[in-house]
Amino acid sequence: MRRLPIYFLIDVSESMVGEPIQQVEEGLSQIIQALKADPYAIETVWVSIIVFAGQAKTLVPLQEIINFYPPRFPIGGGTSLSKGLGHLMYELRKNQVKTTYEQKGDWKPIVFLFTDGVPTDDTRAAIAEWKQNWQRTANMVAISFGNETDVHVLKELTENIIHFKNSNAAAYKQFFKWVTDSIKTSSESVEKNASGFELAKIYGDDTLSKVDLTKPIPPQSYMDSNYAVLVGKCQNLNRNYLMKYRRSEEEAKIYGLDINRLSYRLVGAFQVDQTYQELSDESAGPSRINSDELIGNPTCPCCGNQVAFAMCVCGQIHCIGEEHISTCPWCGNKGTYGIGEGGFDVNRAQG
Amino acid sequence: MSKKYIRELFAAKNITIAGSKQHLFDAFVDDEQHQQIARQILENQQRLMDIWQYKNRLADIQQQPVTIPNATVGKPYQATLDFRQLNWSDVTWTAIEGLEEYGLQYDPATGGIQGVPVKSGDIRLKLQFRLAGGDTSAAAHEKVLPLVINPDPRSLWKSIPSDMAGPFWKADDVAEFAPLGDRFVTVASKRGRSHANVGSFRDDDYAFRHLEPSGWSVLAVSDGAGSARLSREGSRLACTGIIDYFEQFFKTAPTADIDALFGEHAAGTGTDTQKKINRLVYDTLGKAAFAVHKKLEEFAAAQQVSIKDLHSTLIFVLLKKYAFGYVIMSFGVGDCPIGLLNKDCSAVTLMNRLDVGEFGGGTRFITMPEIFTSDKFPTRFGFKLVPDFAYLMLMTDGIYDPKFVVEANLEKLDTWKAFLADLNGNNPENVALPLGAHSPESAGRLSAWMDFWSPGNHDDRTLMIIS
Ligand SMILES: [Zn+2]
Ligand SMILES: [Zn+2]
């Protein structure tokens, strides 16, 4: 039998932290579960998951869906689409089985690319390589999560660009069902010796829509400004966490701030594991954001300390509790915190 | 210890003891009550550290990824939570609830999970555990372990009978055993699971006949294209068309001349006999193939459908026993092989070239007019004169794909030997035809053998064996 390889290339940059990545994690495990209930898919479909942020890595190597074990999704800093693509092409090359007189090769692989932002690096070389070596030997579907995705870059990769409005849990459910249906139809059509790539029908509502490439695409601003994500370290547990803020103009009014200023409201704080470092681009410098623009100070998601947002003289953020003297887990400096006067600039993660 | 602590505490707080107060301080340090306070402080410090250690350890365990292999419904399952490997020597007590409803048990003594799963699902097992040093009266800690139980792939296929009132209906399963001249034919044709799953029709077909007085046998197998709407009728017409054509043909053909030509060729007496035979094969079988093509074209026109709706492959064989051996002539279009095994099964001859492309598009059909004008047309014929043979087999890709996989294997004797062994019962289902047992039950046995399971191969299956 021939395999139908399905690759998921997933953006796990910081703006995906929290609900989006949880939804993707659950969504993928539901996709696999649903495919296993389909007699064609269970025997034909092989799956691989590649994640990328500042760096890329294979989360699930290409395998039969019956061996698939739901992975835990990491988060990293940055959106290096070129490293993501590079890693995808490496996996495609490594795994491909070509049809010869002696062996039965794979069906054309299908790649689902999920991204919610703008690449933080130069993608030209990777895109050129994709066009030259893979555009005809693989089918790619690019899905933009939310409104901040750089469609200009995606349209270089594929004609199939789907816009997904990731508004709530029901929308995610609908979206992952659409992905599942697309894979099912494709796996059935390969067995019937047809083309082997058929996207499921998109029903007319605004959760999912195909991007019309015949129309001009509005220009892109080069900052992922929907979210501000800050990295902190727990003073007690020495673990990293991310604090995620969403842009909100209404909030600025309520808090009596200048309406023309950007303001960000707390979404939540989330613990991240060691893979955060592994997936972040260390060479990229942090961008600055003024703490006055941030509304809300979470508790530490690692140890439960009341304040997760305390900034050391070294410029890094850590949690503080009721202790008189705090020790910065980044630089070891000991100090006492009062309530800051005015804003201070803090490092803002890139994703 | 506590004396040392008091002294270090004072030093750390930069409290200097004047020389004159040294005695007083010594007495202060020696005081049992003060030492008791210091001990209390030390104990409390220790307790804080212990609680911290405990919480830290708990957080580590809860974060630690633990993977349990996937299970499959109906397959005996055995997995172990290896406490040593997980570094869980401080885990003192464990339990998992709710496994029973899936047909599994957990043994806390060994960490083993085993049983035969009875239903599928992605389960989030709750492992309850206690840690050394924890409060035994408090509720146990909990860690979620994902366990995947796969369904049995075979249980996913439905078998919906085809609609007998539908146009050009044919039986889902057929099988026959019959004498054929001095040999026997055993044949079965079976609707694939992909058709059964949706209640659609079998697209494969076959036909055979022994013609007297000419002594020729005609055998045909055809596979209707899955994408063609009426290919079930196309394949039927292709097979019966060949039989009908030769029935007419041998009524008037110069059979004596034909017999003489093969006789000379076998004895090595005639001149240019090979050339003449090639000519004969090309003319006779080529005309038959074209006649069938025409017949399909007329049928399509009469039905007011496109001939593409009838797309079908076709292989056929003419076979005759002579005193000097057997003459076998063949024609083929599409990807259905004809294999000939010699008397002691020590050699195999693939009688036809297969039309296989990298993807589905490479297949050719008898319904395509271009095959008759292609310069490859002469390569579609086969001829063999053999003293005897063990088996002559005609099959569709529903058999060839799972059993031979690629074209290269059709020319390997080892693959054929394995195939013969498979027919004789060397298979996971232990179903045997067996080959060479010439009895009316052979038809049903071949049909039962054809139910073999092969992941990803659910096409119609047809196999015709002359033995
Ligand atoms: Zn903390
Ligand atoms: Zn610091």
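Naming: A, B, ... by sequence-line order, numbering from 1 per chain.
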#### Entry: Smallest separation among heavy atoms of B/Gln62 and A/Arg72, with atom names
O-NH2, 4.4 Å
Which distance, rounded to the nearest 0.5 Å, do you find between the [atom1] of [X] and the [atom2] of [Y]?
| X | Y | atom1 | atom2 | value |
| --- | --- | --- | --- | --- |
| A/Asn236 | B/Lys55 | CG | NZ | 11.0 Å |
| B/Gln63 | A/Gln271 | CD | CD | 4.5 Å |
| A/Ile42 | B/Leu156 | CD1 | CG | 5.5 Å |
| A/Gln33 | B/Ser120 | CD | OG | 8.0 Å |
| A/Glu64 | B/Asn150 | CD | CG | 9.5 Å |

### Message
Using the side chain to side chain donor-acceptor pair (under 3.5 Å) criterion, which residues pair with A/Asp38? Sequence neighbours excluded.
### Response
none
### Query
Looking at residues at least two apart in the chain, or sitting in another chain, which of them share a side chain to side chain donor-acceptor pair (under 3.5 Å) with B/Ser454?
B/Asn457
For [Y], is there any backbone N or O sitting under 3.5 Å from a side-chain donor or acceptor partner on [X]?
| X | Y | result |
| --- | --- | --- |
| A/Glu43 | B/Pro455 | no |
| B/Arg193 | A/Pro39 | no |
| B/Asn70 | A/Phe68 | yes |
| A/Lys104 | B/Val406 | no |
| A/Tyr69 | B/Pro146 | yes |

Decide if atom [atom1] of [X] counts as having more than 12 heavy atoms of other residues, nucleotides or ligands within a radius under 6.0 Å.
| X | atom1 | result |
| --- | --- | --- |
| B/Gln85 | CD | no |
| A/Lys334 | NZ | no |
| B/Lys308 | NZ | no |
| B/Arg124 | CZ | no |
| A/Glu323 | CD | yes |
| B/Lys126 | NZ | no |
| A/Gln274 | CD | no |

#### Entry: Interface moiety of B/Asp152 toward chain A, non-hydrogen atoms closer than 4.5 Å
neither
### Task
Measure B/Asn409 against the heavy atoms of chain A and call it side chain, backbone, both or neither at under 4.5 Å.
neither
### Summary
Scored by heavy-atom pairs under 4.5 Å with chain B, the best of A/Pro70, A/Cys303, A/Ala37 is A/Ala37
### Query
For A/Arg239, is it the side chain, the backbone, both or neither that has a heavy atom under 4.5 Å from a heavy atom of chain B?
side chain
### Message
If we define contacts as heavy-atom pairs under 4.5 Å, which of B/Asn56, B/Asp401, B/Thr67 has the most with chain A?
### Response
B/Thr67
